[in-house]
Amino acid sequence: MIGELLRQWRQRRGLSQLDLAIAADVSARHVSLVETGKSKPSAEMVLRLADQLHVPLRDRNRLLLAAGFAPRYAERSLDDGALSAARDAVRRVLHAHEPYPALVFDRRWNIVMTNRAVDPFFAQVAPDLLQPPVNLLRLGLDPRGFARMVVNLADVRAMFRARITRQLATAPDPELTAIYEELLMPEPDLAASQSVESDVVIPMIVRVGGRELRLFSTITTFGTPMDITLDEIGIESYYPADAESAAYFTR
């Protein structure tokens, strides 16, 4: 089973057995023997190959289990004492980004933490959409959520679709696939969309209180996580794309 899983990850990454062997500094014959089940890899070999294949930590544990070894990576809640330093770092990032919005989401786009600048936007959505777990995709695309405020909804939907497609290609997940099929399957967008021309980024245009705010975002991740939770969260920070939008937030 471990051989089949490794083969799937190798093919997902578009690598030949020789490519993987060179990257992992092993022989192509050994990679072939592992994939066909004729050789049982050590735990260290499983992790070496997984590292070259950029396998997420959650799936590295699955590879280890398939090879007959104990999982190597823990999965703790972000509130766990062991993650206090990381949690404090995330809070500092969120607070430092104020007065602009920022939030933390997990691998299925459930919102984990936010800063205070997000609160006024949450106040505009249907209360049932804010029942935990609050999913950013549902919140952004539901007509009772942010969708009714987004002027260029078709652009935003296309952005979400591209990001989730890339994410699923990198790390397949049945629950995220179900959300994609529910909310993001390609179809004519029924909402009016404003064409946005930009030489840099396509902003999200949000209509709030009679004003149109133009925002773009960046995503921050942990560079060397050894915990599954930290491996899977991202901090999305929103920035004003023009002076008028910046003035709205600084007021």
Problem set entry | Mutual orientation of the aromatic rings belonging to Phe122 and Phe146 [parallel < 30°, tilted 30-60°, perpendicular > 60°] | parallel
Problem set entry | side chain to side chain donor-acceptor pair (under 3.5 Å) contacts touching residues 33-50 (sequence neighbours left out) | Arg10-Glu35, Gln17-Glu35
Problem set entry | Selection residues 237-251 - residue pairs positive for salt bridge (charged side-chain N to carboxylate O under 4.0 Å, His left out), sequence neighbours left out | Arg214-Asp242
For this session: With rounding to the nearest 0.5 Å, note down the distance linking CD1 in Ile202 to CG in Asp155.
Result: 5.5 Å
Problem set entry | Candidate pair Arg161 and Met185, rule side-chain contact (heavy atoms from CB on, under 4.5 Å), full reasoning | CA-CA 8 Å; Arg161 184 179 295 121; Met185 288 296 287; over 6 Å; no
Exercise. Any side-chain donor paired with an acceptor under 3.5 Å for Gln167 and Trp109?
Worked result: yes
Exercise. Under the ring pair (Phe, Tyr, Trp, His ring centres under 6.0 Å) rule, what pairs show up with a residue in residues 208-233, not counting sequence neighbours?
Worked result: Phe216-Tyr239
For this session: Please name all residues satisfying side-chain contact (heavy atoms from CB on, under 4.5 Å) with Ala162, sequence neighbours left out, ordered by chain then number.
Result: Arg166
Problem set entry | side chain to side chain donor-acceptor pair (under 3.5 Å) partners of Arg91, counting only residues at least two apart | none
Problem set entry | Nearest heavy atoms of Ala50 and Leu63, plus distance in Å | CB-CD1, 4.0 Å
Exercise. Is the shortest heavy-atom distance from the side chain of Leu183 to the side chain of Asp142 under 4.5 Å?
Worked result: no
Exercise. Does Leu18 sit in a hydrophobic cluster with other residues, and if so which ones, taking ILVMFWY side chains as linked at heavy-atom separations under 4.5 Å, directly or through other members?
Worked result: Ile22
Seminar exercise, completed: On a heavy-atom basis, the closest approach of Ala246 and Pro240 is N-CB, 3.4 Å
Exercise. Can you tell me how far the OG1 atom of Thr229 sits from the CG atom of Asp79, to the nearest 0.5 Å?
Worked result: 10.0 Å
Seminar exercise, completed: d(Tyr238 OH, Leu213 CG) to nearest 0.5 Å is 13.0 Å
Seminar exercise, completed: Those residues at least two apart in sequence (or on a different chain) that pass side-chain contact (heavy atoms from CB on, under 4.5 Å) with Pro71 are Asn61, Leu65
For this session: Please test Glu236 against Thr218 for side-chain contact (heavy atoms from CB on, under 4.5 Å), starting from the C-alpha separation and ending with a verdict.
Result: CA-CA 6 Å; Glu236 184 142 24; Thr218 63; over 6 Å; no
Exercise. Which heavy atom in Leu184 sits nearest to a heavy atom in Ile164, and how many Å separate them?
Worked result: CD1-CG1, 3.8 Å
For this session: May I ask you to decide if Asn115's main-chain N or O and His97's side chain share a donor-acceptor pair within less than 3.5 Å?
Result: no
Exercise. Going by the salt bridge (charged side-chain N to carboxylate O under 4.0 Å, His left out) test, which pairs reach into residues 23-34, not counting sequence neighbours?
Worked result: none
Exercise. Sequence neighbours excluded, which residues qualify as side-chain contact (heavy atoms from CB on, under 4.5 Å) partners of Val104?
Worked result: Val90, Leu94, Val112, Met113, Ile233, Ile235
Exercise. What's the spacing between Arg13 CZ and Gln8 CD if we round to 0.5 Å?
Worked result: 12.0 Å
Problem set entry | Within residues 67-78 or reaching into it, pairs that qualify as side chain to side chain donor-acceptor pair (under 3.5 Å) - sequence neighbours excluded | Arg58-Glu75, Arg76-Asp227
For this session: Please answer: with hydrophobic residues joined when any side-chain heavy atoms are less than 4.5 Å apart, are Leu20 and Leu33 in the same cluster?
Result: no
Seminar exercise, completed: In this structure, NE2 of His54 is separated from CG of Leu15 (nearest 0.5 Å) by 8.0 Å
Exercise. Do Glu98 side-chain atoms and Arg116 backbone N/O form a donor-acceptor pair below 3.5 Å?
Worked result: yes
Seminar exercise, completed: dist Phe121:CZ -> Leu103:CG (nearest 0.5 Å) comes out at 11.0 Å
Problem set entry | Side-chain donor or acceptor of Ser32 paired with backbone N/O of Ala28 under 3.5 Å | no
Exercise. Is there any salt bridge (charged side-chain N to carboxylate O under 4.0 Å, His left out) pair reaching into residues 59-71, and which pairs are they, with sequence neighbours excluded?
Worked result: Asp51-Arg60, Asp59-Arg62
For this session: Quick one: closest heavy-atom pair of Gly234 and Thr221, and the distance?
Result: CA-CG2, 4.3 Å
Problem set entry | Leu57 backbone acceptor or donor facing Asp231 side chain under 3.5 Å | yes
Exercise. Taking side chain as C-beta onward, heavy atoms only, is Pro143 less than 4.5 Å from Arg148?
Worked result: no
Exercise. Is it true that a side-chain atom of Asn152 and a backbone atom of Met204 form a donor plus acceptor pair closer than 3.5 Å?
Worked result: no
Problem set entry | Note, Leu215 side chain near Phe249 side chain (heavy atom, < 4.5 Å) | yes
For this session: Tell me whether Leu78 is reachable from Val118 by hopping between hydrophobic residues (I, L, V, M, F, W, Y) whose side-chain heavy atoms are closer than 4.5 Å.
Result: no
For this session: Would you indicate whether the side-chain heavy atoms of Val134 and Leu139 approach each other to under 4.5 Å?
Result: yes
Exercise. Shortest non-hydrogen contact from Arg12 to Thr170?
Worked result: CD-O, 4.2 Å
Exercise. Is Val208 reachable from Val150 through a run of hydrophobic residues whose side-chain heavy atoms are each under 4.5 Å from the next?
Worked result: yes
Exercise. For Glu232, does its backbone N or O pair with a side-chain atom of Asp106 as donor and acceptor, under 3.5 Å?
Worked result: no
Exercise. Does Leu49 reach the side chain of Trp9, with side-chain heavy atoms less than 4.5 Å apart?
Worked result: no
Exercise. Pairs in or reaching into residues 174-184: which pass side chain to side chain donor-acceptor pair (under 3.5 Å), with residues at least two apart or in two chains?
Worked result: Arg108-Glu175, Arg138-Glu182
Exercise. So, are Asp128 and Arg144 salt-bridged, with charged N and O less than 4.0 Å apart?
Worked result: yes
For this session: Output yes when a side-chain donor or acceptor of Arg207 lies under 3.5 Å from a complementary backbone atom of Glu212, and no otherwise.
Result: no
Problem set entry | Check: Asn135 and Ile179 side chains under 4.5 Å, non-hydrogen atoms | yes
Problem set entry | Flag side-chain contact, heavy atom, 4.5 Å: Phe105 against Asn110 | no
For this session: Group every Ile, Leu, Val, Met, Phe, Trp and Tyr by side-chain heavy-atom contacts under 4.5 Å, then state whether Val55 and Leu168 land in the same group.
Result: no
Exercise. Looking at side-chain heavy atoms only, is the closest gap between Leu137 and Leu176 below 4.5 Å?
Worked result: yes
